[in-house]
Number of protein chains: 2
Amino acid sequence: MKEGPDIAHVANLIGEPARANILSALMTGKALTASELAQEAGISLQTASSHLSKLEVGGLIAPRKQGRHKYFSLSSDDVAHVLEALMGLAARTGHLRTRTGPRDAALREARVCYNHLAGEMGTRLFDTLLERKLLSQQGSDLHLTQSGTRFVTDFGVDLVSLRDHKAPLCKECLDWSERRSHLAGSLGRAFLTRIETLGWAKRDRKTRIVSFTRQGRSSFERLLED
Amino acid sequence: MKEGPDIAHVANLIGEPARANILSALMTGKALTASELAQEAGISLQTASSHLSKLEVGGLIAPRKQGRHKYFSLSSDDVAHVLEALMGLAARTGHLRTRTGPRDAALREARVCYNHLAGEMGTRLFDTLLERKLLSQQGSDLHLTQSGTRFVTDFGVDLVSLRDHKAPLCKECLDWSERRSHLAGSLGRAFLTRIETLGWAKRDRKTRIVSFTRQGRSSFERLLED
DNA sequence: CGAATGCTTCGATTATGATCGAACTATGAA
DNA sequence: TTCATAGTTCGATCATAATCGAAGCATTCG
């Protein structure tokens, strides 16, 4: 009864609606200010401040001061992973907050999961990388193969600067709508950034939706089939 | 702000200490009665009853009546997966309830994660299955290969009866102490059962610890190296 | 400097829900 | 039938924490 990590504390942090909204908003991967998060969660600035400090002490979010603004973001991919897992469970146990609508369909097709691509497009990318042996999976470790390195570089991602970081290059993240993995880690992030840079898709500012242009979509298809 | 699944509700269910204790107790995979769970969580029977009904309505646990007893168990592997993910996050953000001790070491070595083997022994099994190509991983789908089928059958697992179920045969589950995957799904369950049947290891009744005998440990090693 | 903006702290209010005693129902045993 | 055990329901109590107004810092801008 008293062994192991204290899951109640962490779950309790997530379990308050206002805080859950804050965390969900941060799943877009963007750093947001206290005021923005307050608005997002539908609470006053004072209340938000209190919640934010709890989340910070709890290690779920990390602040960054910039002038008189204070930006918050999720403190690690782990947090995003737990949130996605919770969304999956909540969806499967039928605890949806709204009826499924067109917006929901868009979310399922392509969305942001803490800076990397999730949804159907995300899992397809991940699966293709494995099928074409651009990515190799040993146990739960993921590595770029030689051809994978070439592929990624050709796509325009600067691997050299990525490898500098301590953070793992490739990680997998379980997708709540697809029940499959998509690519996380710094490479996952770089992929999404590159897709945006190429103008293939745009992130919606308010939601987690990633909307591909028609051209972008077919370019993406070609990339996968190449 | 209102799209997507209601994670706050689910997280809130887990976020109450008494309920977290109940769920943790059920991570052993054993079905427990209301009274047992009350004792496990250190609360009265009335209080436990209230919590259990909330967890049941929330879809996290499933009851089974047997005479005048009511047995509860986790309602799915998904729930166990979320709990493990939470434990990982809690452990990494430093929210341990107790100092690490010998019991903790035993837990890290081998423990039960909702009826399948977790901890170091669990992840080693999983990795070996992949290395020796007994298990193949395509995207996030896992399949037994032909040689894998032979391997498992030789080990004494009755695959035929397992395949009958609708539930997926192989699944992966992220381990909180190892940060790697171990084998879940009905095959994972069968593996642990078989290990127990062979007398290689015993589950502790009260904790999640799986303690291997000396002989069992070396048999296990041999199985992996074979 | 003073004014404005972003955020935090304090304090009072309020709502929620965890808790358990007591009474009640259901199953099983004598 | 009567008694015992397992579990639920009801009701009262109590503690916690979410909320926001008001005041207080801190930073930037004019």
- Task: Give the intermediate values and the outcome of salt bridge (Lys or Arg N to Asp or Glu O under 4.0 Å) for residues Glu109(A) and Arg124(A).
- Result: CA-CA 10 Å; Glu109(A) 191 190 357; Arg124(A) 280 189 44 212; over 6 Å; no
- Could you check how far CG of Asn12(A) sits from P of dG17(C), rounded to whole Å? 12 Å
- Query: How many Å lie between CG on Leu52(A) and C1' on dG6(C), as a whole number?
  - Reply: 13 Å
- Donor-acceptor contact present, side-chain Ser24(B) to main-chain Ala20(B), <3.5 Å: yes
- Item | Interatomic distance where CD1 belongs to Ile43(A) and P belongs to dT8(C) [whole Å] | 12 Å
- Query: Once you round it to whole Å, what is the distance between C1' of dC7(C) and CG of Leu32(A)?
  - Reply: 16 Å
- In whole angstroms, the gap separating C1' of dT25(C) from CD of Gln46(B) amounts to 15 Å
- Task: Pick base, sugar-phosphate or nothing for Lys65(A), based on heavy-atom distances below 4.0 Å to the nucleic acid.
- Result: nothing
- Message: Looking at Thr93(A) and Leu89(A), would you say the former's side chain and the latter's main chain have a donor-acceptor pair under 3.5 Å?
- Response: yes
- Would you say the side-chain atoms of Arg19(A) pair up with the backbone N or O of Leu55(A), donor to acceptor, closer than 3.5 Å? no
- Query: So what does Thr33(B) touch, heavy atoms closer than 4.0 Å: a base, only the sugar-phosphate, or nothing?
  - Reply: sugar-phosphate
- Ser35(A) side chain: which of dG6(C), dA29(C), dG21(C) is closest? dG6(C)
- Item | Nearest-angstrom distance from the residue atom NE2 of His69(A) to C1' of dT8(C) | 16 Å
- Message: Ignoring hydrogens and geometry beyond distance, is a side-chain donor-acceptor pair present between Thr193(A) and Glu196(A) at under 3.5 Å?
- Response: no
- Query: Asn21(B) has an atom CG; how far is it from atom C1' of dT19(C), in whole Å?
  - Reply: 15 Å
- Residue closer to the 5' end of DNA chain D, Ser53(B) versus Thr47(A) (nearest nucleotide): Ser53(B)
- Message: With heavy atoms of chain B within less than 4.0 Å as the criterion, where does contact along DNA chain D begin and end?
- Response: dA4(D) to dT9(D)
- Query: Where the side chain of Arg68(B) is defined as all heavy atoms beyond and including C-beta, which of dT19(C), dA29(C), dT9(C) is the nearest nucleotide?
  - Reply: dA29(C)
- Query: Mapping Ala34(B) and Leu45(A) onto DNA chain D by nearest heavy atom, which one lands closer to the 5' end?
  - Reply: Ala34(B)
- Taking Glu36(B) for its side chain and Thr33(B) for its backbone only, find out whether a donor-acceptor pair lies under 3.5 Å. yes
- Item | Under 4.0 angstrom between Lys70(B) side-chain N/O and dT27(C) OP1 or OP2 | no
- So, does Arg203(B) use its side chain to make a donor-acceptor pair with the main chain of Arg208(B) at under 3.5 Å? no
